[in-house]
Amino acid sequence: MSSNPIVEVILRIPRGKVATYGQVARLAGYANGARLVVWTLSTQRKRHDLPWYRIVNVRGGISLPRGDGYELQKAMLTAEGVAFGAGDRIDLSRFQWQPGEEA
DNA sequence: AACCTGACTTCGG
DNA sequence: TCCGAAGCCAGGT
């Protein structure tokens, strides 16, 4: 359980799919809380076992700094079947999580 | 209470 | 498509 709606949403992102910061915020009830998701990931990650690597920016790219998580996140996603194209960008039309599309 | 910060997003040029 | 500016939320100082 978690009293945090954002944490709940993050835990629902299925394997092999990704969600954007803004998308997670929206699903949690915050229309403009992208930065709140950032805060949640950096803090709540220590208290919950969150699939933090499934969160990417709206361009389908990784926001972590190279040399400090960037490579790890890319490796985690690649291991789940998420493909990276030119510019290390993910095709969101193919890998973005669509809540309710299937089980 | 004001100000700063962070793995962001949107808009205009 | 890329860049800069403004807007957002909560916690920490």
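We name chains A, B, ... by the order of the sequence lines, and we start the count at 1 in each one.
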Q.
Give me the distance, rounded to whole Å, that separates C:dC8 from B:dG12 when you measure between the P atoms they each carry.
A. 15 Å

Q | Contacting residues from residues 53-72 of chain A, given that a heavy atom lies under 4.0 angstrom of DNA chain B | A | A:Asn57, A:Val58, A:Ser63, A:Leu64

Q.
Between A:Ser63 and A:Val56, is there a side-chain heavy-atom distance shorter than 4.5 Å?
A. no

Q. Which value, in whole Å, describes the distance between the C1' atoms of nucleotides B:dA1 and C:dT13?
A. 12 Å

Q | Residues that A:Asp91 engages under salt bridge (Lys or Arg N to Asp or Glu O under 4.0 Å), provided they are two or more places apart | A | none

Q: To the nearest 0.5 angstrom, please state how far the CG atom of A:Leu64 sits from the CD1 atom of A:Ile55.
A: 11.0 Å

Q.
Looking at every non-hydrogen atom in both residues, tell me the closest pair between A:Leu92 and A:Arg59 and how far apart they are.
A. CD1-C, 4.4 Å

Q) For A:Tyr53 and A:Gln73, which heavy atoms make the closest approach, and how far apart are they? A) O-NE2, 2.8 Å

Q. Do you know the tightest heavy-atom contact between A:Gly81 and A:Phe95?
A. O-CE2, 3.5 Å

Q: Taking all non-hydrogen atoms of both residues into account, name the closest pair between A:Leu77 and A:Arg54 and its distance.
A: CD2-CA, 4.1 Å

Q) How long is the line joining CZ of A:Arg89 and C1' of C:dC2, in whole Å? A) 11 Å

Q: Provide the closest heavy-atom pair for A:Val82 versus A:Gly16 in the form atom of the first, atom of the second, distance.
A: CG2-O, 3.6 Å

Q: Quick one, give me the B/S/- string for nucleotides 8-13 of chain C, reading 5' to 3', where B means a protein heavy atom under 4.0 Å from the base and S means that only happens at the primed atoms, P, OP1 or OP2.
A: B-SS--

